[in-house]
J.: 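The structure that follows is given in the form of structure tokens.
All residue numbers in this chain count up from 1 along the given sequence. Both ligands and their constituent atoms are indexed starting at 1 by order of listing. Small disclaimer: the values here were computed from a predicted structure and weren't measured.
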Amino acid sequence: MSKDERLVKQITPKTEDFSRWYIEIIQKAELADYAPMKGMMVIRPYGYAIWENIQALMDRRIKATGHVNAYFPLFIPESFLQKEAEHVAGFSPEVAWVTVGGKEELEERLAVRPTSEAIIGYMYSKWIKSWRDLPLLINQWANIVRWEKVTRPFLRTTEFLWQEGHTCHETEEEAQKETLLILNLYKEFVETELAIPVLSGRKTLREKFAGAEETFAIEGLMSDGKALQMGTSHNLGQHFSKVFNIRFEDRSQNLQYVWQTSWGVSTRLVGALIMSHGDDSGLRLPPRIAPVQVVLVPISLGNWKESVLPAARAAAAGLREAGVRVHLDDREEFTPGWKFSEHEMRGVPLRIEIGPRDIKSGQAVLVRRDTFAKTAVPLANLVPRVKSLLEDIQVSLFREAQAFLAENTREAAGYEEFKDIIETKRGFVKCLWCGREACEDQIKEDTAATIRAIPMEDEGRPVQGICVCCGREAKAVAFFARAY
Ligand SMILES: [Zn+2]
């Protein structure tokens, strides 16, 4: 191995120091870099290409369910934020303020949006007059600023990118239906495209969005056993419509406040990809989200430019024509071994090697990033084989993550068992809870675990048993975990 190859390959093993492993992948795969301002990151082209794929696939789903995109201002007047008491209390500790414009002191401070309910609510009050204006289904792709104390690239940064949907409805039932429609859309998206299985369910009042009636979320389990909230969908009830006076004339000519929802996923999903699928050689990207699905590396031996390169170019062209995102890495200044490591680090799902000997036998060698399994494939069959392998890698990554989730979801009957699992094994602990915040607080203090989701499948059925913490009669089944 040359010195260069080691430079690409060497990262801290995941089991030795998970946080360091995570940061090293981000840096070596060139996903992001630290900005000179504390808590801020620069998303580099490769990381941004992953985000663009997430955006495109999510945007398609948002539009297919009848939503349209718009764009609202970055700044929100302080008085707007203050209208909803819980909202301002929840967000004010992390708001960045603009107090001066040019050389003039502003009469009213402007918040850099920590979320957009307030400004959007104000605009909706101007746009909505009648039931005929409903439902109003708008999404925006935007940046958000929250002044976080502890930051980590993609998971929690002062500025991040997201989409936020904001909808208005005639009835409470419709708003609840929308909230769950999006929750299910997020679950389907993350499982299908990112190959990450998730739990979905309600949040407790303690964990809900500031200003929401109720919050629902999808939660993934990262490979260090900690949970990550990967998307939220809020039923806002009439909290914002009452303070922003968003009223409509209903079908019987009575004035009513609209029922609202809001929901979002963010660049945090890139962090989830790393922590769910990455290994000691770097990133492993699911093909559907990978900016480069296949890298073709001609083996530079002898007169390879004459003997190998034309065949490699033809193979790349054939794959591109078939809709595969392929990159031909014909750089002369790097050895094939160096290129292998680099593309492994970047998580390219499939590598094709073509050398002088392969040309003679009319074949190419395919190497899967997920398992490193190698197969020789006749050049004539390359396109169908690559396509089926990419599908197989997508499914395999999902199954692997699914098995991990199943193995790391445990049940606890008593508190000692609960504490032992959280302390020694982590993962999700499924148990019974009395519904009291006192127990949530106690558990958080004792173990740093919180309720990640209250599953909805069993709702309506009576819960039999006692709370894992206090021994009182249980009201709900809950999934606890330590979380990012
Ligand atoms: Zn309890």
J.: Regarding R452 and the six-membered ring of F480, is the cationic atom NZ or CZ under 6.0 Å from the ring centre and inside 45° of its axis?
T.: no

J.: Using ring centroids (six-membered ring only for Trp), state whether F209 and H87 fall under 6.0 Å.
T.: yes

J.: Only one of Q293, E391, E193 passes side-chain contact (heavy atoms from CB on, under 4.5 Å) with R288; say which it is.
T.: E193

J.: The Zn ion (ligand 1): which protein N, O or S atoms are under 2.8 Å away?
T.: C434 SG, C439 SG, C467 SG, C470 SG

J.: With sequence neighbours left out, write down each residue that passes ring pair (Phe, Tyr, Trp, His ring centres under 6.0 Å) with Y22, or none if nothing qualifies.
T.: none

J.: Between F418 and C431, is there a side-chain heavy-atom distance shorter than 4.5 Å?
T.: yes

J.: Do F80 and F244 touch side chain to side chain, with heavy atoms closer than 4.5 Å?
T.: yes

